[in-house]
Engineer: 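Here you go, one structure.
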Amino acid sequence: MGLNRRDFFKYMAVAGATVAGSERSAHAWQSRAPSDPYGCLVDLTRCIGCRKCEEACNRVNALPAPDRSFEDLTLLDKKRRPDERAYTVVNRYVSGEIDKRDQLVPTFVKLQCMHCQDPACVSACIAVALTKKENGAVHYDVTKCIGCRYCMVACPFEIPAYEYHDPITPRVMKCTFCYERVESEKKLPGCAEICPVEAITFGRRKDLIKVARQRIKKNPGRYIDHVYGEKEVGGTSWMYLSGVPFEKLGLNALPEKPMPQLAETIQHSLFSYLWSPIVLFGMLGGVMWASKDKSDRAGNGGRSGNGKEGDYKGRML
Amino acid sequence: MTRTGPGVILTITAALAGILFSTPALAANPSPAETAAPEKVVWTAPDQEEAEKRAEEVVPFVEAVMDECRLCRQQRLRDVGLSVKDQSESYFLLNSPIIRKTEDHYGPVRFMHAKHAGVTKDCALCHHYRPLDETASETTRCSACHQEPFNKDHPERLGLKAAYHQQCMGCHQEMDKGPIDCAGCHRKNVPDHKDLIQLAANPEPFEVTSECLRCHKPAGEDMLKSAHWLWKGPSPYTLHHRKEVELGKATIATNNF
């Protein structure tokens with residue numbers, strides 16, 4: 001190889017110095033979560049799967065009419081995801097538990113944007129179209145969106161959907177947490193207002209955690225001792241209580257670290273003081289210098305094999 | 001019945017008279033402006049009016065309740081001497097303005113209080129707590145404690161709508177008795193179809209059917225599986241009385257969309 005002992009030590013010294021420098025300059029990642037956001041607590045032991053939340057969501061957000069009526073509960077036979085025409089959907093899961101009448105006990109799970117405290121979509125958005133508001137909502141501003149759909153890739157809950165059917169003015173579609181209704185009109189989110197059994201409790205997030213803990217404490221047989229969303233991905237504004245393990249309900253186990261923490265730490269430490277481009281181009285320069293040196297040497301004492309290959313390539317071209 | 005006096009007979013005659021007089025009027029003048037007059041004679045039960053009035057009342061909110069277990073509660077009711085017999089009304093109309101503030105998709109439930117009490121024979125099943133205030137009634141109404149949802153000062157107190165639904169449906173499910181679907185208790189408030197129907201001035205019959213099917217597609221599909229659609233058989237009134245033509249909506253009859 002063209003790298004001699006002296007060069008090797010030179011490069012190592014440069015690399016070592018830059019790494020040491022980067023560690024000093026990289027400041028610790030800080031959460032930008034709102035201090036006292038609103039939230040919703042979904043109690044899956046209460047949900048009766050009536051799909052009224054879907055209906056209210058459709059009406060409140062003026063979404064397109066569904067193919068099948070909201071009263072059609074046969075839709076629950078199939079697992080669905082929130083999409084560009086429905087911000088929220090209810091799925092039915094059966095754990096295999098059977099009640100007194102030999103009927104499978106269903107658990108209904110409402111899905112929507114979780115409105116993370118430190119949202120990955122906001123971190124991934126390069127146009128600042130997505131922002132985390134003080135009231136807890138992860139807000140989408142269509143006028144800023146450039147349609148890169150990074151948010152869809154970033155979301156750990158796979159929530160944002162895209163209007164692929166609209167080639168001119170497509171939007172990213174996801175639950176708005178009824179931002180305008182809650183912030184300006186001082187109303188409840190559409191789904192929380194219509195829910196007939198208060199499966200959705202609306203309130204301040206910190207109060208909801210207390211409520212959730214109290215419900216578990218008061219009725220330990222009914223609930224599993226876990227508030228989904230309290231710590232997942234650094235906490236979410238929407239949280240769940242359940243009597244069935246969350247992994248069986250399509251609510252996957254997620255790390256407690258906020259999603260943007262790792263990505264932003266890497267990115268910020270890479271670009272602090274622009275050390276990484278400097279190192280990169282320095283390295284490239286070094287490689288150029290070294291390879292030039294090598295080709296010179298190769299040219300001087302040329303081996304027959306290289307020449308033959310070159311001839312062959314030339315013929316082909 | 002305890003009373004079959006002249007009062008009852010009078011109301012029945014009044015009702016009959018109402019029906020007799022209102023029907024021809026309705027048939028003659030179907031426009032809403034004209035039917036306003038016979039509406040006066042539409043008879044309603046006197047207890048219905050009372051129930052409606054009662055449903056409109058909003059009682060003061062009970063801040064604190066006596067925290068006691070189910071058995072203590074049952075014992076207390078027994079000690080006080082309250083039982084199923086101590087009921088003033090046979091039914092209630094669950095039509096509180098607290099709920100109607102946000103909800104108008106379904107009509108109010110007519111809750112048969114006496115019947116439910118008679119079947120369960122346990123007041124504490126629904127009257128699960130009493131106000132902490134000693135002077136208050138032992139069995140207060142649901143809406144005394146359950147009012148607006150998500151009360152900040154009482155985070156665990158259910159709103160009135162949720163309290164009704166959880167109590168009714170939970171018990172129906174547990175006892176395997178009574179409806180647990182929406183229409184089992186509520187009449188649906190059907191939206192005014194005047195605004196929903198999009199038809200030209202003089203539509204063809206097929207256009208009308210397709211307009212209905214625009215929203216009621218499953219109803220149309222169900223119709224295709226019903227006897228109304230599937231009937232067919234030999235007709236005695238066909239060409240040369242040969243009885244060989246299969247008649248039926250789905251085959252060659254008219255009016256088969």
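None of the values given here were measured: they were computed from a predicted structure. Below, read A as the first sequence line, B as the second, and so on, with proteins coming before strands; counting in each chain starts at 1.
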Engineer: With distance as the sole criterion, is a donor-acceptor pair present between the side chains of A/R51 and A/S69 under 3.5 Å?
Structural biologist: no

Engineer: Indicate the ring-plane relationship of B/H127 and B/H113, choosing parallel, tilted or perpendicular according to the 30° and 60° boundaries.
Structural biologist: perpendicular

Engineer: Side chains of A/R222 and A/T45: donor-acceptor distance under 3.5 Å anywhere?
Structural biologist: yes

Engineer: Within a reach of under 6.0 Å around NZ of A/K79, are more than 12 heavy atoms found that belong to other residues, nucleotides or ligands?
Structural biologist: yes

Engineer: Would you mind checking which part of A/L73 comes under 4.5 Å of any heavy atom in chain B, side chain (CB onward), backbone (N, CA, C, O), both or neither?
Structural biologist: neither

Engineer: Tell me, for A/I200 versus chain B, whether the close heavy atoms (under 4.5 Å) come from the side chain, the backbone, both or neither.
Structural biologist: backbone

Engineer: B/H216 versus chain A, heavy atoms under 4.5 Å apart: side chain, backbone, both or neither?
Structural biologist: neither

Engineer: Tell me which of these, A/E71, A/K187, A/R204, A/K218, has more heavy-atom pairs under 4.5 Å with chain B than the rest.
Structural biologist: A/E71

Engineer: Can you say whether A/K210 sits under 4.5 Å from chain B via the side chain, the backbone, both, or neither, judging by heavy atoms?
Structural biologist: neither

Engineer: Tell me, side chain or backbone of A/C195 under 4.5 Å from chain B's heavy atoms, or both, or neither?
Structural biologist: backbone

Engineer: When only pairs under 4.5 Å are counted, which of A/D72, A/I194, A/D207 shares the most heavy-atom pairs with chain B?
Structural biologist: A/I194

Engineer: Counting only non-hydrogen atoms closer than 4.5 Å, does A/I48 touch chain B with its backbone (N, CA, C, O), its side chain (CB onward), both, or neither?
Structural biologist: side chain

Engineer: Measure B/K188 against the heavy atoms of chain A and call it side chain, backbone, both or neither at under 4.5 Å.
Structural biologist: side chain

Engineer: So for B/K217, is it side chain, backbone, both, or neither that comes closer than 4.5 Å to the heavy atoms of chain A?
Structural biologist: neither

Engineer: Closest approach of B/P131 and B/V62, non-hydrogen atoms and distance?
Structural biologist: CB-CG1, 3.8 Å

Engineer: Between A/T74 and A/R68, is any side-chain donor less than 3.5 angstrom from a side-chain acceptor?
Structural biologist: yes

Engineer: Where does the angle between the aromatic ring planes of B/H165 and B/H186 fall among parallel (under 30°), tilted (30 to 60°) and perpendicular (over 60°)?
Structural biologist: tilted

